[in-house]
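The structure displayed is predicted, hence computed values, not measured ones. Reckoned from all heavy atoms, side chains included, excluding hydrogens, waters and symmetry mates.
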Amino acid sequence: MIRKLAKRGNMNDRMDVALTKFRSRMTSYPPGMCPLTLYQSILQMSMNQSCGKCVPCRDGLVEAERMLKRILNGDGTEETVQKLKELCVMISESADCAVGVVAANTVLDSLTEFADEYESHIKKKRCVDGLRQTVPCMTLCPAHVDVPGYVALIKNKDYAGAINMIRDRNPFPTACAMVCEHPCERKCRRSIIDQPINIRGLKKYAVDQVSADQVKTPQANVSTGKTIGVVGGGPSGLTAAYFLALMGHKVVVYDEHEKLGGMLRYGIPEYRLPKARLDEDIRAILSAGDIEVHTGTKIGRDITVEELRKKYDAVYLGLGAQLGNRMPVDNKDAENVIPAADFLQAVARGEKIDFTGKKVVLIGGGNVAMDAARTAVRLNAETVHVFTRKRDDYTALESEIESAMQEGVRFRTLLSFLHLEEDKENPNRINAVWLQPEIVGEFDNMGLVKTEHSSAYPYRFKCDYLIMGVGQRCDVADFDAAGIPTERGRILADESCTVAGVEGVFSGGDCVTGPSTAINAIAAGQVAAHNIDEYLGYHHKILCEVEAPPAKPNRCVPTGRAEIEERDPFERRRDFAHVEVPMTPEEADRESGRCLRCDHFGCGSMEGGRAAW
């Protein structure tokens, strides 16, 4: 008996290893795949999990999979879809355990979420138009940078070539190497073997070898005689300026700050993005063509929107979302209550803030909140506590949360904000926050957990400063007054960055979408530049003056991922020096060699090598 138990335990361990590998295949499901094939796979997996005791699960899931297969093969009808729905409702209501119930509900959800896909398979006998597998990293990068191409150039030690290939679509290779959230890694097909390629780490290695301002930008087109006014010198506005200048247009950039960079300069702390490195990207951008810059210039104060529209052939509004939000509560304007975005900008401007011996509380769990918490640590705060209502509120990168924990930031969750306690001796200050303990409940339609008040007593937490990391907004008052359509503090523009009903005005980035990432703002600037060019009557193409090396087969041997290491937390928490340790040449060589070159092999491969996005 002992031998049998030991053998069974060993088999379970091996099953766990197999399941881990299977999970990797699911998470790396390539973009562009027919969603119905995914649901078919889920049904097949559920069929295998069935114990066979109840008929709805044992036989019903098999029949549901057959129906879905007929639909996928183009043999289904609207009656087939209706029968599939009725069958899944029956399974959901009568199956004995979660295997059948969850599988049936998943298919029922698909009938709503992907109704267009079902309709296409029934009426056209194929997937919806334009659906095809694409290269995951290129597709999931908002700017659609040729990731396999520049990784291959890094493997060949052509770092200048890699930088030029990156800024074929993204003129901020250095900034993104430091702070990008790297969505390109999310479905990397290398996950099927081991772990995603460290794409951001390799980009950082390239710009560490050759600074961006030492790599010549592409040759600008001959002058078109057209001029474009760009409002905002952040990632979105400067990206638009870069591409428009390369197309041959004259660009005039207006920014209210003393220096260009927007939230990259004034919102991201020095320890994450050294401003000397940001300046490398900006110098390269300004060298790309005819770009004129006016800093310290605020729209509505120094120049009006009407003047911009009369003066230029087109206007791009990329002003970002730089105003920190405050919660609508009493005492929100107290002198020791600070929005996180305002706090970070004050530190970036060099204002003297000393938290020595102070207890700092921060409400919010996003990347801006983590930046504020880690900055407070560097300003010598005695304690820094982060409170959130639920775990889903921690939307910051896991690496940022982990780094904050290492530096001494303390985290508490399941505490909802109640009110601020006024300091009776000084009404302009608060001396505590009141929080209500919560308990978790059901999940909502987006898969996020709901919470409700616990029966536990409210929680009083004394603090010297409260930092509110509850989002940012755009300063749109002057634009709204000038007839630019806005809604809830955002400029209304479509996916082409065109402002509805206003001739010659385009807008994109955080002032349209709300607070987002640098790479999303860069993508908006790129899209706007091309659509402004079309609006002016042109169809310029930016030529990438470097080619990716020929692809070599990869042996697909499981290999560890080279991570970007950080300085010792007890050392780095004392200063604002850059926290990341550079990759070694050996690490970069091995990591770049892990790339499977999906632009040539497997999903997304196309004639000519570079995959479409």
Side-chain angles (χ1 to χ4, degrees), residues 129-130 132 134-135 138-139 141-147 149-150 164-173 216-232 235-253 284-292 308-309 311-318 491 493-509 512 519-548 599 604 606-613:
D129 294 338
R132 61 175 176 176
T134 55
V135 180
M138 293 176 67
T139 302
C141 171
H144 304 300
V145 175
D146 186 350
V147 176
Y150 79 72
N164 259 336
M165 183 159 283
I166 293 166
R167 61 186 179 197
D168 179 46
R169 299 197 181 272
N170 173 8
F172 284 94
K216 189 177 182 300
T217 58
Q219 182 67 40
N221 187 55
V222 295
S223 175
T224 63
K226 302 291 185 180
T227 58
I228 298 97
V230 172
V231 178
S236 187
L238 288 181
T239 297
Y242 174 79
F243 288 113
L244 288 166
L246 288 179
M247 293 169 186
H249 308 304
K250 177 179 175 58
V251 183
V252 182
V253 179
I285 290 170
L286 297 182
S287 72
D290 192 356
I291 302 177
E292 182 182 319
L308 287 173
R309 293 187 63 195
K311 191 172 183 179
Y312 300 107
D313 297 298
V315 175
Y316 178 64
L317 308 177
I491 295 173
D494 59 23
E495 292 182 353
S496 68
C497 297
T498 303
V499 175
V502 186
E503 181 72 17
V505 178
F506 298 78
S507 185
V512 172
I519 190 62
N520 281 328
I522 288 165
Q526 178 201 127
V527 168
H530 286 278
N531 285 314
I532 290 171
D533 188 59
E534 294 279 348
Y535 167 77
L536 296 174
Y538 300 92
H539 188 69
H540 290 108
K541 292 187 180 297
I542 306 299
L543 298 178
C544 183
E545 298 177 347
V546 62
E547 293 185 1
D599 55 334
M606 294 181 61
E607 293 182 7
R610 296 183 67 189
W613 44 270

Colleague: With sequence neighbours left out, write down each residue that passes side-chain contact (heavy atoms from CB on, under 4.5 Å) with Gln219, or none if nothing qualifies.
Modeller: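 For Gln219 the side-chain contact (heavy atoms from CB on, under 4.5 Å) partners, ignoring immediate neighbours, are Lys216, Glu545.
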Colleague: Answer yes or no: is there a side-chain heavy-atom contact under 4.5 Å between Phe243 and Gln526?
Modeller: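 Phe243 vs Gln526: side chains touch.
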Colleague: Determine whether the aromatic ring centres of His249 and His540 lie less than 6.0 Å apart.
Modeller: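 When the ring centroids of His249 and His540 are compared, they turn out to be within the sub-6.0 Å range.
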Colleague: Nearest heavy-atom pair of Pro171 and Ile522: which atoms, and what distance?
Modeller: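 In terms of heavy atoms, the two residues are closest at CD-CG2, 4.2 Å.
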Colleague: Flag the pair Arg309 / Lys311 as yes when at least one side-chain heavy-atom distance between them is below 4.5 Å, and no otherwise.
Modeller: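 Not in contact.
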Colleague: Apply side-chain contact (heavy atoms from CB on, under 4.5 Å) to the pair Val502 and Val499, showing each step before the final yes or no.
Modeller: CA-CA 6 Å; Val502 186; Val499 175; 3.8 Å; yes
Colleague: Please check if the side chain of Asn221 supplies one atom and the backbone of Gly248 the other of a donor-acceptor pair under 3.5 Å.
Modeller: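 No, the answer is negative, given that no donor and acceptor are paired below the 3.5 Å cut-off.
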Colleague: Would you call Val546 and Tyr150 a side-chain contact if the rule is heavy atoms closer than 4.5 Å?
Modeller: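 No, their side chains stay 4.5 Å or more apart.
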Colleague: I would like to know whether Tyr316 and Ser236 meet side chain to side chain donor-acceptor pair (under 3.5 Å); could you show each step before the answer?
Modeller: CA-CA 10 Å; Tyr316 178 64; Ser236 187; 2.5 Å; yes
Colleague: Measure the shortest side-chain to side-chain distance between Thr227 and Val252 over non-hydrogen atoms and say whether it is less than 4.5 angstrom.
Modeller: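 Heavy-atom side-chain distance check fails, nothing below 4.5 Å.
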Colleague: Nearest heavy-atom pair of Ser507 and Val512: which atoms, and what distance?
Modeller: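 Closest heavy-atom pair between Ser507 and Val512: OG-CG2, 3.4 Å.
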Colleague: Inspect the surroundings of CD in Glu547 and state if more than 12 heavy atoms from other residues, nucleotides or ligands are less than 6.0 Å away.
Modeller: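 At most 12 heavy atoms, drawn from other residues, nucleotides or ligands, come within 6.0 Å of this atom.
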Colleague: Closest approach of Asp313 and Lys226, non-hydrogen atoms and distance?
Modeller: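 Here Asp313 and Lys226 meet closest at OD2-CA, 3.3 Å.
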Colleague: Sorted by first residue and then second, give each side-chain hydrogen bond (donor to acceptor under 3.5 Å, both in side chains) pair with at least one member in residues 493-504; sequence neighbours left out.
Modeller: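 Non-adjacent pairs meeting side-chain hydrogen bond (donor to acceptor under 3.5 Å, both in side chains): Asp494-Ser496, Ser496-Thr498, Glu503-Tyr535.
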Colleague: Closest approach of Ile285 and Ile291, non-hydrogen atoms and distance?
Modeller: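 Minimum heavy-atom contact is O-CD1, 3.4 Å.
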Colleague: With heavy-atom distances below 4.5 Å as the criterion, would you say the side chains of Thr224 and Tyr538 are in contact?
Modeller: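 Counting from C-beta outward, Thr224 and Tyr538 do come under 4.5 Å.
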Colleague: Return the set of residues passing salt bridge (charged side-chain N to carboxylate O under 4.0 Å, His left out) with Lys250 (not counting sequence neighbours), or none when no residue passes.
Modeller: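 Applying salt bridge (charged side-chain N to carboxylate O under 4.0 Å, His left out) to Lys250 gives Asp290, Glu292.
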Colleague: Which heavy atom in Val253 sits nearest to a heavy atom in Gly232, and how many Å separate them?
Modeller: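 Distance-wise, the nearest heavy atoms are CG1-O, 4.0 Å.
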Colleague: Main chain of Val527, side chain of Asn531: is a donor-acceptor contact present, judged purely on distance under 3.5 Å?
Modeller: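 Yes: the side chain of Asn531 pairs with the backbone of Val527.
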